[in-house]
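Because the structure is predicted, anything quoted here is derived from the model rather than measured.
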Amino acid sequence: MRHNLVEELAGLPSELLYLASLAEKAVELSIQALTNRDAALAQKVIAEDLRLDRRELAIEELCVSLLSRQQLAASELRVVVSALKINNDLERIGDHAVNIAGNTLALLQEPALALPAEIPRMAGLVQLMVRDAIDAFVHREAAVAVSVCQRDDEADALNQHILRALVAQMAGDARSIVAGLSLILVSKNLERIADLSTNIAEEVVYMVEARTIKHNSGTIPGQ
């Protein structure tokens, strides 16, 4: 029994890593669809979300099965609890990628509106946050996880800058209002992906160091 438990625990990071690759790819393709005004690619992101959802459910079942065992040590219990939360966060990242793809389809129904330069910059930032948060989980590197948390403020600032720029543009040109609102939603979804990456990073710190840093409960160096 204990041998099987250890094997299932050992396979959990690779399961999450695969889910993370699906979520990260969904974000990447949704941004490509946006920047290239590619309706087919946006539709692909939406269609492939079902695969991500199914994988999330399978990992959830695995985590629940592991939690039902009575042989988990405290450190192993932290791994499973953290994995369960990270699993949910990754699925939600995929949902936000789908939202971006949907906003792209809406934008294609309107006259072309130039993307604020900060949107590609923000997209690159949040994709790196997702990647680093998962790397921190796989390699159990709390310091990398903390660095992800520290980047969340930059994502928030970019979102606010984009919001102000688009509101000003819409105020000066009523024809840009519908497209501008869609881009505001894109920015908001990117900001939520950054938040979810931060959630994952916080869970890594808890898993590795048994220390809670969410809700300002712990100390994040540099903040």
Side-chain angles (χ1 to χ4, degrees), residues 8-68 79-110 115 119-120 122-138 148 155 159 181-204:
E8 290 180 13
L9 278 169
L12 192 53
S14 62
E15 291 289 334
L16 279 172
L17 187 59
Y18 180 69
L19 180 63
S21 71
L22 295 179
E24 184 182 344
K25 190 65 175 178
V27 174
E28 178 186 348
L29 293 181
S30 69
I31 295 302
Q32 286 183 14
L34 174 70
T35 55
N36 297 331
R37 296 179 62 84
D38 189 332
L41 190 55
Q43 293 284 10
K44 179 180 179 181
V45 172
I46 294 169
E48 292 190 353
D49 188 55
L50 180 60
R51 183 157 60 117
L52 195 152
D53 290 343
R54 287 173 174 167
R55 178 65 61 165
E56 185 258 346
L57 288 174
I59 295 172
E60 182 179 280
E61 289 178 3
L62 173 59
C63 290
V64 170
S65 173
L66 288 168
L67 288 173
S68 70
V79 169
V80 178
V81 170
S82 296
L84 192 57
K85 294 179 180 179
I86 290 169
N87 185 48
N88 179 254
D89 287 335
L90 288 170
E91 189 273 334
R92 291 170 64 195
I93 286 173
D95 287 344
H96 286 293
V98 168
N99 290 345
I100 293 171
N103 293 139
T104 295
L105 294 175
L107 278 165
L108 295 179
Q109 305 303 311
E110 301 297 322
L115 287 179
I119 285 185
M122 189 178 181
L125 171 66
V126 302
Q127 287 180 80
L128 186 58
M129 289 175 70
V130 173
R131 189 176 306 126
D132 286 350
I134 294 303
D135 284 348
F137 173 80
V138 172
V148 173
N159 180 51
L181 289 173
S182 292
L183 288 175
I184 286 173
L185 291 174
V186 167
S187 181
K188 182 60 180 176
N189 277 283
L190 288 171
E191 188 264 341
R192 287 299 298 129
I193 293 171
D195 287 343
L196 291 165
S197 301
T198 299
N199 289 352
I200 293 170
E202 290 170 345
E203 287 302 326
V204 171

Measuring from [X]:[atom1] to [Y]:[atom2], what's the distance to the nearest 0.5 Å?
X	Y	atom1	atom2	value
Asn99	Ser182	CG	OG	11.5 Å
Asn87	Lys85	CG	NZ	13.0 Å
Glu24	Gln127	CD	CD	6.5 Å
Leu196	Glu191	CG	CD	9.5 Å
Ile86	Leu19	CD1	CG	10.5 Å
Asp95	Leu52	CG	CG	8.0 Å

Arg55/Glu15 salt bridge by N-O under 4.0 Å criterion: yes
Ion pair Asp195/Arg192, N-O distance below 4.0 Å: yes
Shortest non-hydrogen separation from Ala201 to Ala133 and the atoms involved: N-CB, 4.3 Å
Considering all heavy atoms, the nearest Phe137-Pro13 contact: CE2-CA, 3.7 Å
Side chain to side chain, [X] and [Y], heavy atoms closer than 4.5 Å:
X	Y	result
Ile100	His96	no
Leu12	Cys63	yes
Asp38	Leu108	no
Leu183	Asn103	no
Val130	Val27	no

Partners passing side chain to side chain contact (heavy atoms under 4.5 Å, CB included) against Ala194 (at least two apart in sequence or in another chain): Val126, Met129, Asp152, Ala155
Side chain to side chain contact (heavy atoms under 4.5 Å, CB included) assessment of Leu90 paired with Ile134: CA-CA 10 Å; Leu90 288 170; Ile134 294 303; 3.9 Å; yes
Side-chain donor/acceptor of Ser68 to backbone N/O of Ser65, under 3.5 Å: yes
Derivation of the side chain to side chain contact (heavy atoms under 4.5 Å, CB included) call for Leu67 and Val81: CA-CA 8 Å; Leu67 288 173; Val81 170; 4.2 Å; yes
Verdict with supporting geometry, Ile93 and Ser197, side chain to side chain contact (heavy atoms under 4.5 Å, CB included): CA-CA 8 Å; Ile93 286 173; Ser197 301; 4.3 Å; yes
Ser187 side chain to Asn159 side chain, donor-acceptor N/O pair below 3.5 angstrom: yes
Worked check of side chain to side chain contact (heavy atoms under 4.5 Å, CB included) between Ile46 and Leu105: CA-CA 11 Å; Ile46 294 169; Leu105 294 175; 3.8 Å; yes
